[in-house]
Amino acid sequence: MAGRDWLDAVLGLGPEWKVTRVEPTRDPKELRVELQRTGGSPLRCPHCGEACPGYDTRRREWRNLDAWGYKTFLVCNVPRVQCPEHGVVTIQVPWAEGSTRYTMEFEAEVIRWLKVASVQAVASRMRLSWNAVDGIMQRAVARGLARRKTKAVRRLSVDETSFRRRHQYVTVVSNPETGHVVHVAPGRGKDVLLAFYEGMGEKYREAVESVSMDMWGPYISATLAMIPDAVMKIAFDRFHVAKHLGDAVDKVRRAEHRALVKEGNGILVGTKWQWLKGPRRKTHAEKLAFARLRAGTRRTAQAWELKEAAANLWNYRSRTWALAGWHRWLEWASDCDLEPVLKTARMIREHLWGIVNAIILRATNGPAEGINSRIKTVKVRSRGFRNRERFANAILFHLGGLDLYPDGLRT
Ligand SMILES: [Zn+2]
């Protein structure tokens, strides 16, 4: 292959495009590959696809994958056509999407790197600014969202996650059946979830069969307002209920510990995890030690027994039996004099309807918890993110299950 023909072959743009010039510079090491449209098929309007007469050209430049360590650019005087319907418009080139300054190959490479590295690392690897990488990431997400075929989601999980340390939250809606994040938005107020439901459209709202969540007032009221029959569909997640009870046990333990220490008894020192760890995850030796610990305390052991009893109330098949089981537990709990447990029991009593829904619908945020731990990885990679919008975008990029790559290059 002689002369520049090999470059035409490498770029693979077809007979209509020809390399006319290659311009390397040593300092900085840059390579400009100039392309020209050589005729062949007629020029077409990018909007309607009609063949139109040429009008003039516009000089444009795109960053391409580096060649031999040279920052490489494609340069072209791109024809503009005069469309009777759309006026004077630039034709679509086959190597880039819309008006971006990067070729599709280049964007795809940035996306592949972003999957495994931080924005900062990708920026330095690809010799781009932080904002340029972020722009490619945002476009990838927009592309993926536009391509998402179905909006029908039978089951939803709603959860919040914090952004940085300053109590800034984002709301994450996910589909527990696919494990994908469906929607992310800054904030955790009622309006945030209302806007999501509104965006779904009525047909899809009606198709929702369960929404699992923590006992968080704003999410509850948004769902009651927007999802038909929500009072039978809102499911309070068992792991959150368990967490509230675990926290109650820990508060009782700390109070009892303070009282025992005054009497010179240190039995509860360093035992936090023994009370929280489930019996199935304990070794035989741990079980024996724990039995001694239980026998040596009164209040903490009682709180722990209530927590364990509640953990066994999630396997009912009938609403009536589930209600009966929880009412028995509530009676037992209300007899104790442990303020943190009483407080949690009151919360459970108020939300029992949604707890029973969770049992009957077998709805849990378990998969959402898995998403949460993956969000933590995104957070670590996103240290440079200055705002929640970008953090939200990164969550969709990594966990949205989206088709992110430019058209024709879905690798
Ligand atoms: Zn047109």
Side-chain angles (χ1 to χ4, degrees), residues 4-5 7-23 32-65 72-112 128 131-152 183 198-201 203-204 389 393 396-397 400-411:
R4 292 186 198 103
D5 290 353
L7 243 184
D8 289 324
V10 167
L11 289 168
L13 300 170
E16 284 153 3
W17 301 89
K18 198 113 192 89
V19 174
T20 54
R21 229 172 118 83
V22 181
E23 196 72 55
R32 280 186 170 68
V33 177
E34 188 139 355
L35 293 158
Q36 198 180 43
R37 197 164 191 292
T38 58
S41 59
L43 300 173
R44 295 187 181 276
C45 167
H47 303 298
C48 60
E50 281 301 309
C52 303
Y55 183 78
D56 62 358
T57 61
R58 278 291 151 94
R59 190 162 184 80
R60 289 186 57 200
E61 193 174 284
W62 298 263
R63 176 84 186 277
N64 195 33
L65 293 174
T72 301
F73 298 88
L74 302 188
V75 187
C76 183
N77 291 317
V78 186
R80 294 203 301 169
V81 292
Q82 187 153 33
C83 172
E85 206 188 323
H86 298 101
V88 176
V89 279
T90 309
I91 66 158
Q92 187 58 55
V93 296
W95 57 84
E97 262 184 356
S99 57
T100 123
R101 288 155 54 216
Y102 311 99
T103 66
M104 292 192 278
E105 297 268 14
F106 186 84
E107 292 211 12
E109 183 71 359
V110 170
I111 293 166
R112 279 191 288 269
L128 287 169
N131 282 329
V133 176
D134 186 61
I136 291 173
M137 195 172 188
Q138 286 186 33
R139 257 201 312 285
V141 170
R143 198 184 280 130
L145 289 176
R147 279 178 189 155
R148 193 148 66 182
K149 283 184 200 77
T150 173
K151 281 176 157 180
H183 180 79
E198 264 157 31
M200 280 179 94
K203 193 175 115 198
Y204 295 111
E389 285 72 16
N393 198 64
L396 281 173
F397 181 91
L402 299 173
D403 178 5
L404 300 165
Y405 292 94
D407 252 323
L409 277 177
R410 303 193 196 166
T411 39

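Counting starts at 1 for both ligands and their atoms, in listed order. Both backbone and side-chain heavy atoms feed into the values below; hydrogens, waters and symmetry mates do not.
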Going by chain and residue number, what protein N/O/S atoms come nearer than 2.8 Å to the Zn ion (ligand 1)?
-> C45 SG, C48 SG, C83 SG, H86 ND1
Look up atom [atom1] in [X] and atom [atom2] in [Y], then write down how far apart they are to the nearest 0.5 Å.
X	Y	atom1	atom2	value
E34	R21	CD	CZ	6.5 Å
Q138	L396	CD	CG	11.0 Å
L65	T72	CG	OG1	8.5 Å

Look at the aromatic rings of H47 and H86 and report parallel, tilted or perpendicular, splitting at 30° and 60°.
-> tilted
Exam field: side chain T38 to backbone E16, donor-acceptor pair closer than 3.5 Å = yes
Salt bridge or not for E97 and R143, using N-O below 4.0 Å?
-> yes
